[in-house]
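Here the structure comes first, spelled out in structure tokens, and everything after it is commentary.
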Amino acid sequence: MNKYRSNTCGELTKKNKGSEVVLSGWINKKRDHGNLLFLDLRDNYGITQCIIDKENKFFKNLEKIQLETVIKIVGEVVERSPDTINKDIKTGEIEIKIKSYEVLGACEELPMPVFSDQEYAEDIRLKYRFLDLRRKKVHENISLRSKIISFIRDEMTKLGFLEFQTPILTSSSPEGARDFLVPSRLNPGKFYALPQAPQQFKQLIMISGFDKYFQIAPCFRDEDARADRSPGEFYQLDIEMSFVEQEDVFFVVEKLMLLLFKKFSTKKMLFEKFPRITYKDAILKYGSDKPDLRNPLEICDLTSIFTREDVKFEIFKKLVKSGSIVRAIKTTNTKDKPRSFFDGIDKWAKDQGASGMAYFTIENDKEISAKGPVGKFFSANSIKEIMKIMKANIGDSIFFSCNKEKEVLKLISSARDKIAQELKLINENSFAFCWIVDYPMFEIDENTKKIQFSHNPFSMPQGDLSKINFSKPLEIKAYQYDIVCNGIELSSGAIRNHKPDLMYKLFSVVGYSKSEVQKKFKGIINALNYGAPPHGGIAPGLDRIVMLLANEKNIREVTLFPMNQNAQDLMMDAPSEVDEKQLKELGLQIKKK
RNA sequence: GGGGGUGUAGCUCAGUUUGGUUAGAGCGAUCGCCUGUCACGCGAUAGGUCGCGGGUUCGAGUCCCGUCACUCCCGCCA
């Protein structure tokens with residue numbers, strides 16, 4: 001028998017009664033009755049109640065012992081009387097009558113309690129992450145993360161995928177996010193970059209003939225954090241396959257997601273077959289390329305209404321004349337909602353920096369009319385036309401946003417979420433996956449007005465490759481897709497462009513010469529010349545998958561040792577200053593501010 | 001880089017709107033009482049740079065200015 005324990009704290013039942021056991025764990029909680037002490041011992045597997053009374057010579061010492069001290073106890077398993085059984089824990093029908101104990105790891109006064117459901121300030125949790133991780137919820141989240149990863153590995157292997165590791169020290173690439181740079185000692189003045197994703201490597205793996213690859217891949221991007229975005233590093237389930245079309249990738253990912261989400265959650269899957277929505281439709285109907293399909297509200301374009309003679313809403317008409325658009329959301333049978341509901345939405349829109357949201361409710365008082373602050377500007381015929389476009393009925397309400405397209409989309413997509421929340425239209429107990437497909441290959445950069453890749457420069461354009469019209473690049477669509485769940489973008493992927501000549505042409509559209517492409521993407525472009533198979537893949541964000549399955553809104557709740565919003569590790573004190581000697585070796589000098 | 005929120009005992013928070021005697025509560029800690037609790041109970045004690053700096057005032061936790069930390073959002077994230 002192991003010297004520390006014969007059993008864990010989660011496994012003893014009345015079947016073990018009478019036996020002498022050795023348990024080790026943390027003191028979760030004490031209940032001191034003066035001459036009788038209850039002591040809950042906790043380990044990874046559960047909690048066992050231990051008991052000692054004043055007859056025992058160790059009693060006085062155990063009475064004084066600090067919570068969270070690690071101790072080993074020797075004792076006898078005793079069945080509890082029926083009225084003292086605790087149904088909330090697995091070991092609740094027994095307790096351990098302590099014979100002796102030994103301190104294995106002493107504990108000072110705690111900076112934060114472990115046994116408590118209270119919430120704590122983030123900096124204390126992060127500084128004492130090892131204490132935070134002992135707490136039930138985070139402990140379970142991190143265990144869940146491990147089980148999810150094992151399950152994924154298992155299923156991917158069953159599907160015939162091979163798992164490989166790709167380099168962490170690699171080269172900086174000009175596209176995408178800001179790189180983390182690592183100075184090279186052996187090559188002074190030169191830098192490695194940490195990979196933003198193993199994009200080129202996974203394609204090189206296909207060109208190397210491995211056919212199907214996956215990796216739980218660390219990715220590094222030096223961008224600012226959000227609640228659902230760790231600063232610095234995160235993990236992707238990186239997948240790449242050879243000789244595939246878009247549908248082959250979808251098949252694998254849909255299968256995996258269905259298995260995964262059904263195994264680890266009881267929430268309902270709204271779609272067994274994930275809907276495919278084109279990028280264009282998604283922007284029109286949801287104002288976003290990551291729509292929450294649990295939300296039934298849809299957006300319609302009403303710009304044409306504001307060119308009509310019989311509509312007198314001059315503010316919107318003037319804006320439309322100068323190039324603005326109008327998008328609207330219909331809410332069903334909201335005629336009896338209080339004024340505060342409508343004004344609340346308007347105020348919310350103003351808080352978002354918009355000029356507000358116009359609205360009216362459709363009534364039929366002898367004649368069709370619109371009720372609300374701007375209702376009087378609409379003729380009966382124009383209201384009928386709106387009802388036709390929006391499939392609206394009497395008693396429904398319409399919310400309008402009018403602005404330049406980009407601003408309208410920003411407001412109306414969040415208004416769609418806000419209104420649905422207010423009306424409680426979202427079924428929180430469900431998952432709604434969808435695919436967003438047919439992304440444009442190129443877009444115009446708002447600031448520079450220059451043309452650029454809208455997603456991934458390595459994506460394959462759609463259509464007959466010999467007939468692509470490079471003079472109208474904005475019309476070129478790509479085999480580029482995103483998978484979205486409950487409004488969260490889990491991943492984007494693409495069928496890759498494996499034809500070097502086509503690659504040069506596409507890069508020339510954004511102003512890269514052939515030699516520049518050869519220099520910047522040396523690894524992949526060179527390899528494409530030596531027999532590259534058609535291939536494609538995807539890379540779902542692992543942290544976000546765990547967040548969805550653990551029902552958490554913040555990525556730190558599913559990350560073992562997270563950094564704070566300023567990308568600092570408060571426990572390890574990173575980043576930190578380094579010795580002058582280290583800098584010298586690297587040929588670096590810190591510029592004083 | 002910009003905007004919002006928060007900052008008071010080891011921890012969680014009240015007090016700030018309307019400035020006024022000695023800044024409170026629960027948990028935790030320490031001491032005492034208690035043999036069936038599982039958020040045990042009861043009593044007592046200790047514990048405070050009200051984030052920091054400056055200002056207004058007879059008087060500032062409270063008002064003003066600045067600054068720092070944490071957090072949420074925008075920008076950014078192919």
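Per chain, numbering begins at 1; letters A, B, ... match sequence-line order.
Between the side chains of A/S19 and A/E76, no donor N or O sits under 3.5 Å from an acceptor N or O. In summary, the side chains of A/H139 and A/N44 do present a donor paired with an acceptor at a separation below 3.5 Å, with no hydrogens or angles considered.
Residue contacts for A/P111: at a heavy-atom cut-off of 4.0 Å it reaches the sugar-phosphate backbone alone, with no base atom in range. A/Q199 comes within 4.0 angstrom of a base, heavy atoms only. Residue contacts for A/N564: at a heavy-atom cut-off of 4.0 Å it reaches the sugar-phosphate backbone alone, with no base atom in range. Using a 4.0 Å heavy-atom cutoff across all strands shown, A/N554 reaches sugar-phosphate atoms only and no base atom. Here A/S492 lies out of heavy-atom contact (under 4.0 Å) with every strand.
Taking 4.0 angstrom as the limit, A/K127 places none of its side-chain polar atoms (N or O) nearer than this to OP1 or OP2 of B/G10. Residue A/R226 has a polar side-chain atom (N or O) positioned under 4.0 Å from OP1 or OP2 of B/C74. Under 4.0 angstrom from either OP1 or OP2 of B/C11 there lies no side-chain N or O belonging to A/R135. For the OP1/OP2 pair of B/C40 and a distance below 4.0 Å, the side-chain nitrogens and oxygens of A/K29 include at least one atom meeting the criterion. A sub-4.0 Å separation between OP1 or OP2 of B/C72 and a side-chain N or O of A/Q565 is present.
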Self-check item: Under 4.0 Å protein heavy-atom contacts per nucleotide of nucleotides 31-38 of chain B, with B for base, S for backbone only and - for none
Solution: SS-BBBBB

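Panel note: side chain A/R31, backbone A/L37; no donor-acceptor pair is recorded below 3.5 Å.
Annotation: A/F507 is in aromatic contact with A/F453 [ring centroid separation under 6.0 Å]. Note: A/Y504 and A/Y512 fail the aromatic proximity criterion, with ring centroids not under 6.0 Å apart. The aromatic ring centres of A/F220 and A/F234 sit 6.0 Å or more apart.
Using N1 to N3 plus N6-O4 or O6-N4 for Watson-Crick, or N1-O2 and O6-N3 for G-U wobble, each under 3.5 Å, B/G48 pairs with nothing. Taking a pair to require two hydrogen-bonding distances under 3.5 Å in either a Watson-Crick or a G-U wobble arrangement, B/C70 pairs with B/G5. Under the Watson-Crick and G-U wobble criteria, each requiring two contacts below 3.5 Å, nucleotide B/G28 is left unpaired. Nucleotide B/G41 forms a Watson-Crick or G-U wobble pair with B/C33, both donor-acceptor distances falling under 3.5 Å.
With salt bridges taken as basic N to acidic carboxylate O contacts below 4.0 Å, none links A/K280 and A/D438.
Applying the side-chain hydrogen bond (donor to acceptor under 3.5 Å, both in side chains) rule to A/Y286 yields no partners; only residues at least two apart in sequence or on another chain are considered.
Residue A/R221 places no side-chain atom within donor-acceptor reach of the base of B/C77, judged by atom type and a 3.5 Å distance cut-off alone. In the interface, the side chain of A/R125 is not paired with the base of B/C11 through any donor and acceptor atom under 3.5 Å apart.
Taking atom P in both B/G15 and B/U8, one finds a spacing of 14 Å when rounded to whole Å. Rounded to whole Å, the C1' atom of B/G3 lies 15 Å from the corresponding atom of B/C76. Rounded to a whole angstrom, the distance from the C1' atom of B/U22 to that of B/U67 is 31 Å. Rounded to whole Å, the P atom of B/G55 lies 30 Å from the corresponding atom of B/C11.
Side-chain proximity of A/Q118 to the nucleotides B/A29, B/C77, B/U12 is greatest for B/U12.
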